[in-house]
2 protein chains.
Amino acid sequence: MFGSLWSLLVTESRPRIIPEATVARLAVYLRVLAGLAGDGCGHVSSGELAAAAGVNPAGLRKDLSYLGPCGVRGVGYSVSGLRERLTAALGGERSRPCVLVGIGRLGAALADYAGFASRGFQFVGLLDADPERVGDRVGGCTVRPIADLESVVADTEAAIGVITTPAEVAQSVCDRLVAAGVRSILNFAPVALTVPGGVDVRKVDLSVELQVLAFLDQQRDGGRPPVTVPVPAALGAQR
Amino acid sequence: MFGSLWSLLVTESRPRIIPEATVARLAVYLRVLAGLAGDGCGHVSSGELAAAAGVNPAGLRKDLSYLGPCGVRGVGYSVSGLRERLTAALGGERSRPCVLVGIGRLGAALADYAGFASRGFQFVGLLDADPERVGDRVGGCTVRPIADLESVVADTEAAIGVITTPAEVAQSVCDRLVAAGVRSILNFAPVALTVPGGVDVRKVDLSVELQVLAFLDQQRDGGRPPVTVPVPAALGAQR
DNA sequence: AACCGCTTGTGAACGCAGGTACAAAGTCGC
DNA sequence: GCGACTTTGTACCTGCGTTCACAAGCGGTT
């Protein structure tokens, strides 16, 4: 509807609108490139990159085309050039302050996960409701009481909030984060958060992942014979 | 290939083939229902469930329709009845043995995450390459050396493998799991695993999630107004 | 017993993502 | 300098997922 009109206006100034699925893959490409940069190779073809990233070569080229032409025909993509292009598209290399609420086992694991820091995500605030945990040092940061949420967000200008609390309190924590100015939330609690417009939420639901695998597993070998496999003649998959 | 032939046979006995996206949501509905079962209410409407799960009511009804008619028109869905239906569809309540490779902070967090056990997923094998960690007890299970991988999988008949190792060794661990008989893998390592046909892999990439949020954040405030928000009159919904 | 309102279940349209195939373009070899 | 090969970038198509809208069905009420 307005999409076509929009693109007319935007095509020149801004490259294009990038689908969210593509953005997620761009991040993957960037990491693959980081591994490749160590090697001497100065160029990669879409086929090589796609194989390393586990996607279709044509899809990869389409993804990259959202950034405008960034390869050389007949040669491939410059590793360093593409890295710069991707980092720029994904928001630069500037350090992005994050606050993490709920320092349980999962929260602690995320707090000192090296993969975040290397991509510019830095946890500048760790918050927990349990007085026992307050004062602990996790991943180079000290756990503070949940009451400090608003001041921590304000002081650090954190734009991203990560919620690893129990499900019951996730919504209230979310509300406080949003009120404090956080506009991007990564939610590990198994609830659907409701947020006002202009706030982005991404949900990671670990038990759902396992449940999907269990379903696929069950679906694969049908009725799952109770003891040993009798192989009852033909009919293959009964249910 | 055989898919079409399959559906021909199955169409009558079993409703249909269930899309993977739907399966993921069914798991969510099941958890929401578990919370509702505590309350006295015997019935829920699609609207209530959808609101709690954060989805569209019509989509929820379509999802449930894959299980055949399971609601009563004019009333809604029986909470207990729907729970049974969903648990059956998702593979019953039987305990599903899982092995977890890589007992770092993240692995340890997953190993004693209560949300898994309550849904029937039980970690019967914890494996790590670090001799320092071998022998530790995490979540009611003892960490064993990675060399025991094959025997652990064989003894416990584990059907699901979870990989929380560093990226460099994830593929070799994956290969060994598959060779040992594991056919469902949940991968937290930031690499694309290649597996033979008949094996399902689901990937959880935490830094990609953050990176997508960072992109949306940057995209939202475009040129990033340096100091205060000007609020440029109308323009209503920007995106 | 019949009506009314509410809720389910489903058919159709829309939009989006992924895959295929081909044309444009640039480099390497001769 | 020219031709052939390689690789990108893109247009088209197909299939999936999601949403809208409506008919069918059931309970409560009079």
Side-chain angles (χ1 to χ4, degrees), chain A residues 1-7 11 15-29 33 41-79 81-82 85-86 89 192 208 212, chain B residues 1 3-4 7 11 15-29 33 41-79 81-82 85-86 89 192 203 212 239:
Chain A
M1 203 50 171
F2 349 133
S4 50
L5 193 141
W6 236 62
S7 62
T11 301
R16 241 158 289 193
I17 270 188
I18 306 182
E20 205 165 299
T22 291
V23 174
R25 282 189 297 267
L26 291 182
V28 174
Y29 306 152
L33 281 175
C41 71
H43 288 273
V44 273
S45 68
S46 62
E48 295 171 300
L49 254 185
V55 299
N56 185 292
L60 181 140
R61 292 199 297 272
K62 178 171 281 191
D63 286 340
L64 293 182
S65 75
Y66 285 106
L67 312 178
C70 40
V72 181
R73 296 173 188 233
V75 177
Y77 301 91
S78 152
V79 172
L82 193 53
R85 206 76 175 259
L86 284 174
V208 163
V212 171
Chain B
M1 204 48 170
S4 52
S7 61
T11 301
R16 244 159 292 188
I17 269 186
I18 306 183
E20 205 166 301
T22 292
V23 174
R25 282 189 298 266
L26 292 182
V28 175
Y29 305 153
L33 281 174
C41 72
H43 289 272
V44 274
S45 68
S46 62
E48 294 171 301
L49 254 185
V55 299
N56 186 294
L60 181 139
R61 292 198 297 272
K62 179 163 281 194
D63 285 339
L64 294 182
S65 75
Y66 285 107
L67 312 178
C70 40
V72 182
R73 297 176 188 229
V75 177
Y77 300 91
S78 153
V79 173
L82 192 53
R85 205 78 176 258
L86 284 174
K203 184 181 171 188
V212 171
R239 40 153 306 192

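Naming convention: chains lettered A, B, ... in sequence-line order (proteins, then strands); numbering from 1 in each chain.
If you take CZ on Arg61(B) and OG on Ser45(B), they are separated by 9.5 Å, rounding to the nearest 0.5 Å. Atom CZ of Arg25(B) is separated from atom CG of Leu86(B) by 13.0 Å, given to the nearest 0.5 angstrom.
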In 5'-to-3' order, the base (B), backbone-only (S) or no-contact (-) status of each nucleotide in nucleotides 18-26 of chain C, using a 4.0 angstrom heavy-atom cut-off, is BBBB--BBS
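Side-chain contact between Leu64(B) and Leu82(B) is present, with heavy atoms from C-beta onward closer than 4.5 Å. A 4.5 Å side-chain heavy-atom check between Glu20(A) and Val212(B) finds at least one atom pair inside the cut-off. With a 4.5 Å cut-off on side-chain heavy atoms, Glu48(B) and Tyr77(B) do not count as touching. Considering only heavy atoms from C-beta on, Leu49(B) comes within 4.5 Å of Leu33(B) through its side chain.
Across the protein-nucleic acid pair, Leu60(B) atom CG and dG17(D) atom P stand 16 Å apart, rounded to whole Å. For the pair Leu64(B) CG and dT8(C) C1', the computed distance is 10 Å after rounding to whole Å. In this structure, Tyr66(A) places its OH atom 11 Å from P of dT10(D), rounding to the nearest Å. If you measure from atom CG of Leu67(B) to atom P of dT8(C), you get 14 Å, rounded to the nearest angstrom. What separates OH of Tyr77(B) from C1' of dG27(D) is a distance of 17 Å, to the nearest Å. Taking atom CG on Leu82(A) and atom P on dT7(D), their separation rounds to 16 Å, with Å as the unit. In this structure, the CD atom of Glu20(A) is 9 Å from the P atom of dA17(C), given to the nearest Å. Atom P of nucleotide dT7(D) and atom NE2 of His43(A) are separated by 12 Å, given to the nearest angstrom.
With sequence neighbours excluded, the residues satisfying side-chain contact (heavy atoms from CB on, under 4.5 Å) with Ala50(A) are Val55(A), Pro57(A), Leu60(A).
Gly81(A) approaches Ser78(A) most closely through the heavy-atom pair N-OG, 3.0 Å. Across every non-hydrogen atom of Ile17(B) and Pro19(B), the tightest pair is O-CD, 3.5 Å.
At dT8(D), one or more side-chain N or O atoms of Ser46(A) fall inside 4.0 Å of OP1 or OP2 (strictly under the cut-off).
Between the axis at the start and the axis at the end of the helix from dA1(C)-dT30(D) to dC30(C)-dG1(D) there is an angle of 10°, using five pairs per end and rounding to 10 degrees.
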